[in-house]
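Remarks on the structure that follows.
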Amino acid sequence: MVSALLRFFRKMWWFLANLPMERKLIVVFVFLISIPITYVSYMSSRSMFHSVLESTTESAGQMTSNASDTMDRYVADLKRYTSLPLYNTDVQFYLAEPSTDWEKNTAMSMFLSYLKHTKNEILAVYMADQHDTIFYDRAAGINEIFPAERLDSWKQLSEAGGTSAVVQGRHSIRVNSSEHREVFSVLRTIKSVSTLNNIGILVFDIDINLFKGIVEPVNAVTQGSTMVVDDQGKLIYAGAGIEGGAKEEQAHTRQLLLAQAKLAQGHFQIKLDGQSYLAVYTVSKQTGWTTMVTIPLSRILSPVEKNRNTLILTTLAIIAFALFVATIISYALTKPLKSMVRLMKQVQHGNLEVWLHPKYNDEIGMLGSHFNRMIVRVKDLLQEVSITEKRKQKADMRALQNQINPHFIYNTLESIRMLAEGSDDPRVAELTYLLGLQMRYGLVRSEERVTIRHELDHVQNYLDLLQIRFPDKFRLRIDVPETLLSLPVIKLVLQPIAENAVFHGLERKEGPGTLSISGREENGKAVFCVEDDGVGMDEDTLRALNHSLSSGADGEMFGIGLRNVNERLRLYYGPSFGLSVESEPGRGTRVTLRMDNLSARLHEG
């Protein structure tokens, strides 16, 4: 079955591939545009569904995170307030004092009044001293309060928390004899600064309606219901929504939601009482409280359902119009392509005097422009090949001509050396001998390639020759790895650069100078640096020299030394190789040679 399907699709593919371009375009429009567009309603609905769901999830996540951060900051402020007794010497003194007099009552009342007014939502603030005497301040509307009933639970919580502040989740307190208020509390054990003994407890009772101002904006934006649950799974605050009903139902629903909140922050979908909800939650790292908003999916997806039918009708209209336009466009698109095919056949037969005139700037027009550029480039390359061949012939002719005079001069120098030795003039004889070695290198080693070792020996002989003329004026340092000494290279590439460094950099310098030659391998290429600490050159001269070397332009502005070496390197190794120069006035010049890793060329030779 599978093989039969593969054969069918293969035959259909070959049938389509062999059709003319105009018919191919019509088939493409029919099968690859019309058919997918009929499916666009479904895909768009899915995309819109996911987009709305992701947007709602992201917005609800940001809202719950902001609400959780607001609660964290509030609790953090209260925790800081519980440490204030550590910095009040009067409070420290009176908490340890066994007796209770007017001064103690006044000091405690003033301190507690200050704490009470730090937050508007504080219903009451209590402070028990070392002898279980409780002082407090309460909010307006509360005439009577009963802290003695809670003292034992405070002690247990504070002892469990040690020196840290403790947050007690939602609980009910009795006020005004029979009235009850819902609060959560923050308390801390107070220690003596001097003895570090426990001398009291400080407690804040916060009205649970604090969360209404934090949670209601979340509900208004998300159109859901938000609840806050402590780290024990007990409800702290909940808005209207799925938390309605009996307490048992509320607890069961809460447990179902919390069972899936396993991360610090996240979202999930859940079905409760036959209705689907999106739940987005954030767990506070500071308090461990979970802030969760549940949004009915029906509220989220109602705009998607309204737009679905309109989208289907619009899609069908677009399909009808697209099929009409497809036939017209297919002919218009294939016409310039046919013209290009005719011109390509002419180029194939050697006619480069063709030109395509695209009418439009679309992709086919760009293809025509690139075709024209390709023809121009082919012409340029043919011209470059011709010019390069002529330049190579010119360089070869120059090399042959340069061998004539050195041969005559070498023979003459041998005669001068013999006369100098016969006249007992060793300096003239040595000078003549070294100069003869220089000439012999160009004549005897007539083969095109030598090794780096030979080139360095040639530079050394050249510097020895200059030492006779300029004693102690120049120093030569060579730092070339042994692995590079045996690499082949075209003859006379280092000595002309060294000569250029001596006469244009070191000779003009006051005092002795140093010429350094170093080599390394870099990305599979051999790189050599010839560096001097001479007078250097200014920025304009350096820019003009590098431009001359990179463009291969003729001219006598910089002499023939560097230009000749660069030209020969480019001719032999390619236009991407050659010389580059770096220099600063008064700090010297560095010439860098880049050439092939010549071990491969050695095999070829």
Can a donor-acceptor pair be found, under 3.5 Å and without considering hydrogens, that links the side chain of [X] to the backbone of [Y]?
X: Ser548; Y: Ala544; result: no
X: Arg568; Y: Leu492; result: yes
X: Lys473; Y: Gln467; result: no
X: Ser59; Y: Thr56; result: no
X: Tyr281; Y: Thr64; result: no
X: Asn566; Y: Leu549; result: yes
X: Ser583; Y: Gly588; result: yes

Electrostatic pair [X]:[Y] at N-O distance under 4.0 angstrom:
X: Glu455; Y: Lys491; result: no
X: Arg563; Y: Glu567; result: no
X: Glu482; Y: Arg453; result: yes
X: Lys509; Y: Asp533; result: yes

**Report entry** Candidate pair Gln265 and Val283, rule side-chain contact (heavy atoms from CB on, under 4.5 Å), full reasoning
**Finding:** CA-CA 6 Å; Gln265 188 174 14; Val283 180; over 6 Å; no
Within this structure, what is the [atom1]-[atom2] distance for the pair [X] and [Y], rounded to the nearest 0.5 Å?
X: Thr57; Y: Gln269; atom1: OG1; atom2: CD; result: 7.5 Å
X: Gln495; Y: Tyr462; atom1: CD; atom2: OH; result: 6.0 Å
X: Asn372; Y: Met374; atom1: CG; atom2: CE; result: 9.0 Å
X: Ser47; Y: Glu54; atom1: OG; atom2: CD; result: 8.5 Å
X: Arg590; Y: Ser516; atom1: CZ; atom2: OG; result: 9.5 Å
X: Leu485; Y: His454; atom1: CG; atom2: NE2; result: 10.5 Å

Could you check if a side-chain atom of [X] sits within less than 4.5 angstrom of a side-chain atom of [Y], using non-hydrogen atoms only?
X: Ile300; Y: Phe49; result: no
X: Met537; Y: Thr589; result: yes
X: Ile517; Y: Asp479; result: no
X: Val347; Y: Asn351; result: no
X: Ile375; Y: Trp355; result: no
X: Val450; Y: Val489; result: yes
X: Arg477; Y: Thr514; result: yes

Please find the pair of heavy atoms, one from [X] and one from [Y], that lie closest to each other, and give the distance.
X: Arg508; Y: Phe503; result: NE-O, 3.9 Å
X: Asp532; Y: Gly505; result: OD1-CA, 4.3 Å
X: Thr282; Y: Gly61; result: OG1-O, 4.2 Å
X: Ala498; Y: Leu515; result: CB-CD2, 3.7 Å
X: Leu484; Y: Gly519; result: CD1-C, 3.8 Å
X: Val354; Y: Gln346; result: CG1-OE1, 3.4 Å

Query raised in the report: Are Thr541 and Asp538 close enough that a side-chain donor and a side-chain acceptor fall under 3.5 Å?
Result: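 A pair is found: one side chain offers a donor N or O, the other an acceptor, under 3.5 Å apart.
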Query raised in the report: So, Glu58 versus Gln62: side-chain donor-acceptor pair below 3.5 Å or not?
Result: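 Judged by distance alone, the side chains do not pair up.
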Whether over 12 other heavy atoms sit under 6.0 Å from [X] [atom1]:
X: Glu522; atom1: CD; value: yes
X: Asp380; atom1: CG; value: yes
X: Arg475; atom1: CZ; value: yes
X: Met366; atom1: CE; value: no
X: Lys379; atom1: NZ; value: yes

Requested in this report: Identify the residue among Ile452, Ile497, Leu456 that makes a side chain to side chain contact (heavy atoms under 4.5 Å, CB included) with Phe528.
Outcome: Ile452
Requested in this report: Check the pair Thr592 / Leu579 against side-chain contact (heavy atoms from CB on, under 4.5 Å), numbers first and verdict last.
Outcome: CA-CA 6 Å; Thr592 302; Leu579 305 181; over 6 Å; no
Requested in this report: Given side-chain hydrogen bond (donor to acceptor under 3.5 Å, both in side chains), test Ser68 with Ser65 step by step and report yes or no.
Outcome: CA-CA 5 Å; Ser68 181; Ser65 179; over 6 Å; no
Requested in this report: Apply the side-chain hydrogen bond (donor to acceptor under 3.5 Å, both in side chains) test between Ser284 and each candidate in Asp231, Thr290, Asp72; give the one that qualifies.
Outcome: Asp72
Report task. Before giving the answer on salt bridge (charged side-chain N to carboxylate O under 4.0 Å, His left out), spell out for Glu384 and Arg377 the whole-Å C-alpha distance, their side-chain angles and the decisive distance to 0.1 Å. Result -> CA-CA 10 Å; Glu384 286 180 13; Arg377 182 58 179 161; 3.5 Å; yes
Report task. Apply side-chain contact (heavy atoms from CB on, under 4.5 Å) to Leu278 and Phe268, showing your working. Result -> CA-CA 6 Å; Leu278 170 66; Phe268 57 88; over 6 Å; no
Query raised in the report: Leu569 and Val493: side-chain contact (heavy atoms from CB on, under 4.5 Å), yes or no, with the steps?
Result: CA-CA 8 Å; Leu569 288 172; Val493 293; 4.2 Å; yes
